Each structure stands twice: as C-alpha cells, then as structure tokens.
Amino acid sequence: MGTIQISLPDGAVKEMPKGSTPLEVAKSISEGLARNVISAKYDENTIEVTTPLETDGKLTLFTWNNDEGKKAFWHSSSHVLAQALQELYPGIKLTIGPAIENGFYYDVDFGEHTISEKDFPQIEKRALEIARGKHDFKMREVSKADALSHYKEERNEYKVELIENLEDGDITFCDHSTFTDLCRGGHIPNTGMIKAFKVLNAAGAYWRGDENNPQLTRVYGISFPKQKELTQYLELLEEAKKRDHRKLGRELELFTFSQKVGQGLPLWLPKGAALRERLESFLKKAQRKAGYEMVVTPHIGQKELYVTSGHYAKYGEDSFQPIQTPKDEEEFLLKPMNCPHHCEIYKASPWSYKDLPKRYAEFGTVYRYEQSGELHGLTRVRGFTQDDAHIFCTPDQLASEFKNVIDLSLYVLSSLGFDNYTAQVSVRDLEKPEKYIGNAENWEKAESAIIEAAEDKGLKYSIEEGEAAFYGPKLDFMVKDALGRSWQLGTIQVDYNLPERFDLTYKGSDNELHRPIMIHRAPFGSLERFVAILLEHTGGNFPLWLIPTQAIVLPVSEKHENYAQKVLNSLENHEIRALIDNRNETVGKKIREAEMQKIPFMVIVGEREVEEETIAVRRHGGEDLGSIKIDTFGNLISTEINSTLKSF
RNA sequence: GCCGACGUAGCUCAGGGGUAGAGCGUUUCCUUGGUAAGGAAGAGGUCACGGGUUCAAUUCCCGUCGUUGGCUCCA
C-alpha cells in the first residue's frame, strides 16, 4: 500500500497512506480539528469527510466557522427534515432540498395534505430524534437505470425528471438511517452533530421555479450544532423585526396606506414628505454639479408612445389598463417609465455632437400594476417616484459618462451610510433572445461597456445572466433589508435600442446623422424603496442631515415655556430643525417619548438654563452633553453634518 | 397571480355561540415636575366586508377585500 501527498491550505504537505480519509488527516493535525471538521474539498470537488483519498491533491477542511461547513451542515439537515416529513406524512414526494444562506429548505409534494405552523413542533421533534440517532451519512454510486427504477417505484416523477437530466456514472444516493435520497454529496459525518433544529416556515414554491409547473410546499428550516446558537438566531430575527420599515414608518409617522386609496399606493405623511424632499434636494445639488438638467413630464402618455418604446408589448397586459377619453379610440397610459417622455424631449430639437451629452433628470412618478402578491410595504408598490435621468451621448462619451454615473451612485450610497451594498451586472440570457429587443451586436457593445466601466472603477461585481432589462443590460446596486432580503436600489443601464425605436439622432463632425446611446440611471432607484431600506439600515436613526426633526426643546415646567420658545426660535435661526414639547407632562416623560421618536438631540431648559442663558443637551441614547450655549450647539450640529455629508 | 397564515379601539394585543376587554395614545381636571412613563376621570368598536348555519354569530362555515411569509414577476 502506497502513500499519497496531501497539501493543505497553509502550504504544508502531509504524507498519508493511500485511502486515508479527510477525517484521518484532520486527526493527524489535532483531535480538536477532527471533532469539528464538518466537510471537505479535495482539489475542486466537494467530498465527504469519510471519502478515502486515493491520489495526491489539495485538501481543504471545513468546520462550522466556514460558509462551506455551514452549507454541508444545513444540507445534511435538509435530509433529516425530509426523513422526518416522510415518516410523518407517508406517501409525500420529495424533490430538492438545498442549503441556503440561513438554513435550508426541502420542496415537497404533499399531495392533498397541507401543512401549517401547527405541524412544525412535531416535525422538529421527529427531526431531533433522528439527529440523536447519530446516523452516518453514506454516499453510494447508483446506475442511472437503478436510480430511475427506484424513484419510478416510489412514483416520484420529480426525482425521475432530475435523474433523467443526469449522466449515467455521475449519480449518487446518500443514505442515513433508513432514509435514502438522490444527492450530489457534501455532508456532515453523522446526524448527531445537529443539536438544534427549527422549522421556520412553509410556503408554496413552483417546481423548478416555473409558475406553469405544479406548486410544491417548501418547508424552511434551520439547524445548529448548539442549542444556544438557535436561541441567538431567533433573537436576531426578533431584533430584525423591530427594524421593519413598515413598523418604523408608522411609529415615526412617515407614511401610511389606505385601502380606500388603493393597494400599493403609499401616502406620505408630512414628516416623510419632508424627508423625501431633503433626499431630492440633496441629489439635485449633486446632479447640478454633474451637468444634469431638470425636466418635467406628465403622468400619462398616449398608448402609442409605449408601443413605440416596446413597453406596451412587453408589459401592457400586466399594467394599469389604458385610460379612455371622450374621443373615440384615444387611449392613454399611466406612465410606467419616464424614458419615452425623455426621448421625446430629446427629439424636440436637433442636436450636434458638440451639444452632447444631454442629461435630462426628473423625479418622475410612475405607476405599475405589480402583482398583488408582490406588494410589500414601501419596497414594492404600484405608484412610486424614480430619481430618473437619461443621458444621451455619443459612442465616444459612453465610457466616461457611465463611470461618472458610477461615481454619483457611490456618492449617494456613502452619503447615506450604505457600505454593505453589492454590485450586480445584469446581462441577457443568450438562450432566450425572445425576451429582448435589439440586435446582438449592440447588446454585446452595451454589456462590455458596463463590465469595462465596473472594472475600471474597481467595483466588486457579480454577473447575473438573464437579469437584464428587455432593452439593455444594467449595473445594479443591491442592498439587503432587515430580514436579509436583497433589493435593487440604484441602477445604471446602457441602451442602444430606445434611440433606434424613437429614431433619435445627432449630427456628427462628418455632417452625417448618427444614433446617440442612452444611459438610464437612478441612484436611489425609487424614493419609496430607498427610504424603506434606509429605515431598516438605520433603524430610524437617520443621518443628522436627513432626519426630519434634529432636536426637540423640552421645558422642565410651564414656567420655562417662554424661554423654551426663545430657544426654539434661536435654533431655527441656526437652521436646526427643531420642535418644542410644551405639553403638561414631566420632563421624564417628554424625554422618554423623544427617545422613542429617535430625535437625535433633546434640549432641556429649566431654571438653571434660564438664568445662565444656556441649554442642557442630551443626545439620543442618553449621553449628557451638559449645559452649553446655543451657538456651541449650532456649531456641534453643523460640524457633525459636514463630517457625513461631503459635497459631490 | 399561486400556496399558507392573519384581520377585535388610533397603536400593540387578550378574549370567545348569548352583540366586548387591557396597556399605550387621545380628551378633561389635578399636579409645576431636572434626564426613558406623576395622578384621577371620561370618550372611543357594525369585532374588515358580504352571505350561510343557528333561537342567537364578533366567535363556526363559504366568498370578497386587505395584510403578511414564501413562490413567480420586477421596465
């Protein structure tokens, strides 16, 4: 029996007997590692920790502290979930059960049976019993014919379909306890590592993600090596719920909805509207410096406008239906996009290459009939305002214009304290050309323009195939909400198609007419969604420059109201947005309520302050800044604002 | 749009076949209080809406609307 050379990530090379397992390698390093090792990778292949190693290679061992380790842990847990479900609900059909970012799920066809929250405890109980049995996960190779007959016997058409798409010789089953599942591999050594198990949710999910397919039940769960970690995770979820923008929006009186006005149509309350206005003027200022011009367009446009743009063919069916007028055959649409209007603005005059780029910006409110099941607070609504702009430029200008827009977008994100966004380049799906308009050559150009710009700016980005808009590829900035759901905020799109459809031209230096290229861009995306995500990120503690009320004056008693009023006026003269609370309540209560309203500064005035002509300042959270002069306070606020809000 | 859950006072929620309750908020009065809730009294509900079962429905059943967790979609 020979030996093999196993190299480890730290560069060390272990010589081990041929057929050693990753677990044995771990043991040779340390007992502790052997206890904690969950899964392994040999060269580029995910393997079991009990898989014998037969050749030289590079071994990586994973524990719970690696994402790969968690993935194996959760994927293994989904097998346990499946076994528990199969035992409790005989006759169900299992489909797929992957690990996800936080936990795992298993998609199951329950037939006539439905499950709901009431059933979770007994599923958890059974799953934990299985886990405690410390059953080993064992992989075995199965021929395609055997695999097919196994699942045909079970009358599981889903697994049969999966296997039919696999190559013979590349099919493995995984066994543990009495349970067998089609599986590619990547498991923990045995079920005993799973000490805590929670079924989180059950929801409908289409087979293979296609709404034309049957709907399965997706059972979500999460598991941990320690009970304490589950408890902590659940506490984290509870905390996240407190940052839900729908809850904070109500508490901070920013926005509301009315069934009478209509689903998905937000009503901005005065404080929310003031906040929006501030966001708008912030961006307008930056855009002015960046050479944008504001335009204004109406909320409706003739149907023909959207037939020209292609929006009608693509989205007409799923939109608010055309508005009729007294005149026969005249139809208007609520605008779902601003770009067609802006194209017509561009068309209003002839342009020379010397005039370009033209950058038309508008806070344009658009209406889309989003599916009812999609509506969600302010993040997905049917009427919303885009901080939209369209840049019309020559091919020569495209790269630098695109990069300037990236700069502007990053400026917006950083001014609002977003540092954990991801960039995503959305390109077309080459296998579904029917989803897109325009020719391949222009798509090619547009896609590479975006990727080059992203590279040039040193953005870390992922490429998402099939996520492009129907008229062009895009670069999106994605941010997660409190519950970990990812949302698109800013977007930048390159478009060769609308200029063609609207027959936009400019005269080049050769005295010939040329086609401009369009960049669609919105650094916030929509004001509604942006405010929602910002609320969840800040928990309502907005940056000082943005927050509706920066300070509240709290007189200690009614005797100090006159002075408090003077203080308020003075704060307003310092351009501090302040309120006064002169209700007949104790200071303690006023402070408590100001704290809950998340007002950054409480300005308390009583006997001492009247005499000394000062104010006692308390910061949100409790820090006492002591008695200071109003001018000092004014300086403190402006210094703080200037440190977060740089100019563009 | 699909699958599941939910809908009781402005908000958060309890209750349950015999037409309703708490806390906070609100109103009035007392109190003039120094860094996270001072006290008292009062007002406020077609129990989402529409049907059905029942002597009786807010409660049970069905439908509609809305909200919500997912799926699908997202110009």
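Computed over heavy atoms, backbone and side chain alike; hydrogens, waters and symmetry mates excluded. All chains are named by letter (A, B, ...) in the order of the sequence lines, taking the proteins before the strands, and each is independently numbered beginning at 1. This structure is a prediction, so every number in the text was calculated from the model and none was measured.
Within the nucleic acid shown, A/K589 comes within 4.0 Å of sugar-phosphate atoms alone, with no base atom in reach, counting heavy atoms only. Within 4.0 Å of A/R382, counting heavy atoms only, lies no atom of the nucleic acid at all. In this structure, A/K241 reaches neither bases nor backbone, as no heavy-atom distance under 4.0 Å exists between it and the strands shown. Backbone-only contact: A/R583 has heavy atoms under 4.0 Å from sugar-phosphate atoms and none from a base. Among the protein residues, A/A205 comes within range of the sugar-phosphate backbone only, with heavy atoms under 4.0 Å from sugar or phosphate atoms but none that close to a base. Within the 4.0 angstrom heavy-atom criterion, no nucleotide atom of any strand lies near A/Y105. A/Q263 comes within 4.0 angstrom of sugar-phosphate atoms only, judged by non-hydrogen atoms across all strands, and of no base. A/G373 comes within contact range of at least one nucleobase, with a heavy-atom separation under 4.0 Å. Residue A/G310 is classed as having no contact, given no heavy-atom separation below 4.0 Å to the nucleic acid. Counting any heavy atom pair closer than 4.0 Å across all strands shown, A/V587 reaches sugar-phosphate atoms only and no base atom. Among the atoms of the strands shown, only primed sugar atoms or phosphate atoms (P, OP1, OP2) are found under 4.0 Å from some heavy atom of A/R246. Using a 4.0 Å heavy-atom cutoff across all strands shown, A/R250 reaches sugar-phosphate atoms only and no base atom. Counting any heavy atom pair closer than 4.0 Å across all strands shown, A/E117 reaches no nucleic acid atom. A/E607 comes within 4.0 angstrom of a nucleotide base, judged by non-hydrogen atoms across all strands.
Salt bridge annotation for A/R428-A/E444: present, with a cationic side-chain nitrogen under 4.0 angstrom from a carboxylate oxygen. Salt bridge A/E585/A/K590: absent, no basic N to carboxylate O contact under 4.0 Å. In summary, A/E595 and A/R592 do not engage in a salt bridge, as defined by a charged side-chain N under 4.0 Å from a carboxylate O. A salt bridge is absent between A/K559 and A/E607: the closest approach of a Lys/Arg side-chain nitrogen to an acidic carboxylate oxygen does not fall below 4.0 angstrom.
Mapping A/D210 and A/Y367 onto RNA chain B by nearest heavy atom places A/D210 closer to the 5' end of the strand. Mapping A/M596 and A/T217 onto RNA chain B via the closest heavy atom, the residue that lands nearer the 5' end is A/T217.
For the C1' atoms, the distance linking B/U46 with B/G34 amounts to 48 Å, nearest Å.
Of the candidates B/U35, B/C73, B/G70, the closest approach to any side-chain atom of A/Y220 belongs to B/G70.
Between the side chain of A/Y206 and the base of B/G70, no donor-acceptor pair of N or O atoms lies under 3.5 Å. Side-chain atoms of A/E211 stay outside donor-acceptor range of the base of B/C2, with no qualifying N/O pair under 3.5 Å. Within 3.5 Å, no donor on the side chain of A/D624 pairs with an acceptor on the base of B/G34, nor the reverse. Between the side chain of A/R218 and the base of B/C3, no donor-acceptor pair under 3.5 Å is found. Under 3.5 Å, the side chain of A/R368 and the base of B/C73 form no donor-acceptor pair of N or O atoms. Between the base of B/G34 and the side chain of A/E609 there is a donor-acceptor pair shorter than 3.5 Å.
Phosphate proximity of B/G70 to A/R485: present, with a side-chain N or O under 4.0 Å from OP1 or OP2. Distances shown here put every side-chain N or O of A/T114 at or beyond 4.0 Å from the OP1 or OP2 atom of B/G4.
Under the stacking criterion of a centre-to-centre distance below 5.5 angstrom and an interplanar angle below 30°, A/Y315 sits stacked against the six-membered ring of B/A75.
A side-chain donor from one of A/E609 and A/S627 sits under 3.5 Å from a side-chain acceptor of the other.
A/F601 has its ring centre less than 6.0 Å from the ring centre of A/F633.
In A/E161, the CD atom is crowded: over 12 heavy atoms of neighbouring residues, nucleotides or ligands sit closer than 6.0 Å.
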